[in-house]
2 protein chains.
Amino acid sequence: MSETLRVREMACFALHSAARAVTGYYRPLLDRLGLTYPQFLILVALWEADGRTVTALGEELDLDSGTVSPLLKRLEAAGLVERRREAADERVVTVHLTEDGKALEKDGCEIPGTIAAASDMTVEEILALRDQINRFTESIRKNTN
Amino acid sequence: MSETLRVREMACFALHSAARAVTGYYRPLLDRLGLTYPQFLILVALWEADGRTVTALGEELDLDSGTVSPLLKRLEAAGLVERRREAADERVVTVHLTEDGKALEKDGCEIPGTIAAASDMTVEEILALRDQINRFTESIRKNTN
DNA sequence: CACGATTAAGTTGTGCACAACCTATATGTG
DNA sequence: CACATATAGGTTGTGCACAACTTAATCGTG
């Protein structure tokens with residue numbers, strides 16, 4: 001570290017900037033599917049396991065209900081998911097893919113794999129970087145008040 | 001890669017999640033200074049070189065005028081910076097720290113250094129991770145339409 | 001069974017990111 | 001010099017992130 005703080009030398013800025021670069025890379029690809037990046041993540045979670053509760057989706061994506069609820073509202077308005085309040089526990093809402101929502105999987109699941117090529121890194125390097133970032137994140141969350 | 005796409009296996013999600021974890025870590029520290037994380041980044045850039053133009057700040061932080069302008073407006077309202085339209089070229093606005101803005105450097109510049117400790121990593125490991133992320137970002141930006 | 005505590009989801013308000021657009025000033029070419 | 005073009009900064013509108021709060025349903029303990 002230097003005595004003067006420089007934006008470009010800050011690890012936190014590198015992360016911040018990288019995350020925005022990735023959503024920028026995804027944007028034109030997802031535009032074709034009519035999706036934003038967070039909406040895409042919700043669909044990925046549902047393609048893996050349909051019928052999750054709102055809370056479960058929030059846990060999977062590290063998001064609270066204040067973010068997930070409006071996201072789901074927009075996905076429902078787009079006809080990609082359906083929300084059902086459960087009879088067994090009326091507090092719970094489960095989220096289900098519509099046929100249109102299911103149909104997007106074929107094109108959608110191709111997109112993340114293109115990141116490796118676009119980053120001029122091998123798949124192995126990307127996965128190693130991912131694991132390192134995940135270890136970092138876990139520690140940071142543990143040490144956040 | 002697996003046949004089923006999983007949120008937790010996606011490198012892009014790892015980045016997305018890490019960036020939010022970092023701003024979450026910063027939040028309580030910056031709250032004491034009355035700053036948000038993007039506002040803090042603007043101040044860091046100005047502590048390094050005061051009197052930058054709006055465009056120069058945007059380039060430093062990879063942000064366009066639609067993001068920087070309102071950010072500066074809030075910082076000005078908080079009394080931390082001042083905007084001056086230049087006589088030499090009236091299109092240009094330079095941004096200058098007020099005394100209050102300068103006074104925040106002492107406390108502010110301590111914060112980023114605490115990330116290493118909070119991440120249970122050495123400074124060297126953090127810097128290596130930062131460099132790897134920056135290489136990744138550069139490639140991604142180069143290969144974004 | 002009653003009632004306070006907890007839980008699930010949603011709402012409201014603020015700030016950031018970004019596309020699209022606008023205005024004013026400056027520049028360059030004929 | 002005139003006029004098309006480029007540039008700097010700002011505005012508007014949409015969506016996400018998140019804190020704080022609300023509402024409704026459920027749970028747990030006496």
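So that the names make sense, note that chain A is the first sequence line, chain B the second, and so on, each numbered from 1. This structure is a prediction, so every number in the text was calculated from the model and none was measured.
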Query - Shared hydrophobic cluster for A:Val92 and A:Leu61 (ILVMFWY, side-chain gaps under 4.5 Å) - result: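 Per the 4.5 Å side-chain linkage, A:Val92 and A:Leu61 are not co-clustered.
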Report task. Just do the side chain to side chain donor-acceptor pair (under 3.5 Å) check on A:Tyr25 and A:Ser119 with the steps written out, would you? Result -> CA-CA 10 Å; A:Tyr25 170 82; A:Ser119 68; over 6 Å; no
Query - Carboxylate-amine/guanidinium contact A:Glu99 A:Lys102, below 4.0 Å - result: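 Salt bridge between A:Glu99 and A:Lys102, a charged N being under 4.0 Å from a carboxylate O: yes.
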Query raised in the report: When you check every protein heavy atom under 4.0 Å of nucleotides 7-14 of chain D, what one-letter string (B, S, -) results, 5' to 3'?
Result: BSBBB---
Query - Atom pair distance, as rounded to whole Å: CD in A:Glu59 and P in D:dC18 - result: 15 Å
Requested in this report: Hey, can you tell me if A:Trp47 and A:Phe40 have their rings parallel, tilted or perpendicular (30° and 60° cut-offs)?
Outcome: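 Perpendicular: the ring planes of A:Trp47 and A:Phe40 meet at over 60°.
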Query raised in the report: In whole angstrom, what separates A:Asp64's CG from C:dA8's C1'?
Result: 13 Å
Query raised in the report: Salt-bridged, B:Arg32 to B:Asp107, with N to O below 4.0 Å?
Result: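 No, this pair does not count.
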Query - Value rounded to 0.5 Å, distance of CG in B:Leu63 from CZ in A:Arg20 - result: 4.5 Å
Report summary line: Counting only Watson-Crick and G-U wobble pairs with both atom distances below 3.5 Å, the stems of 3 or more consecutive pairs that include DNA chain D are C:1-30 with D:1-30
Query raised in the report: A:Tyr37 OH to C:dC18 C1': how many Å, rounded?
Result: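 Rounding to the nearest Å, OH of A:Tyr37 and C1' of C:dC18 are 17 Å apart.
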Query raised in the report: If we only count heavy atoms from C-beta on, is the B:Leu30 to B:Thr23 side-chain gap below 4.5 Å?
Result: no
Query raised in the report: Tell me, which of residues 19-30 of chain B have any heavy atom that sits under 4.0 Å from an atom in DNA chain D?
Result: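 Within residues 19-30 of chain B, the residues near DNA chain D are B:Arg20, B:Arg27.
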Query - Nearest-Å distance for atom pair CG/P, residues A:Leu71 and D:dC18 - result: 12 Å
Requested in this report: Answer yes or no: is there a side-chain heavy-atom contact under 4.5 Å between A:Met10 and A:Leu5?
Outcome: yes
Report task. Figure out the CD/C1' separation between B:Glu90 and C:dT27, and round it to whole Å. Result ->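 That distance rounds to 16 Å.
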Query raised in the report: What is the distance from CG of B:Leu75 to P of C:dG15, rounded to the nearest Å?
Result: 11 Å
Query raised in the report: A:His16 has an atom NE2; how far is it from atom P of C:dG15, in whole Å?
Result: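 That distance rounds to 16 Å.
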Query raised in the report: Should the pair B:Tyr37 and B:Tyr26 be assigned to parallel (<30°), tilted (30 to 60°) or perpendicular (>60°) ring geometry?
Result: tilted
Report task. For atom CD of A:Glu48, decide whether the heavy atoms of other residues, nucleotides or ligands shown that lie under 6.0 angstrom number more than 12. Result ->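 More than 12 within 6.0 Å, yes.
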**Report entry** d(CG, A:Leu57; P, D:dA17) in whole Å
**Finding:** 13 Å
Query raised in the report: Within a radius of less than 6.0 Å around CD of A:Glu76, do more than 12 heavy atoms belonging to other residues, nucleotides or ligands occur?
Result: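 Check passes, neighbour count above 12.
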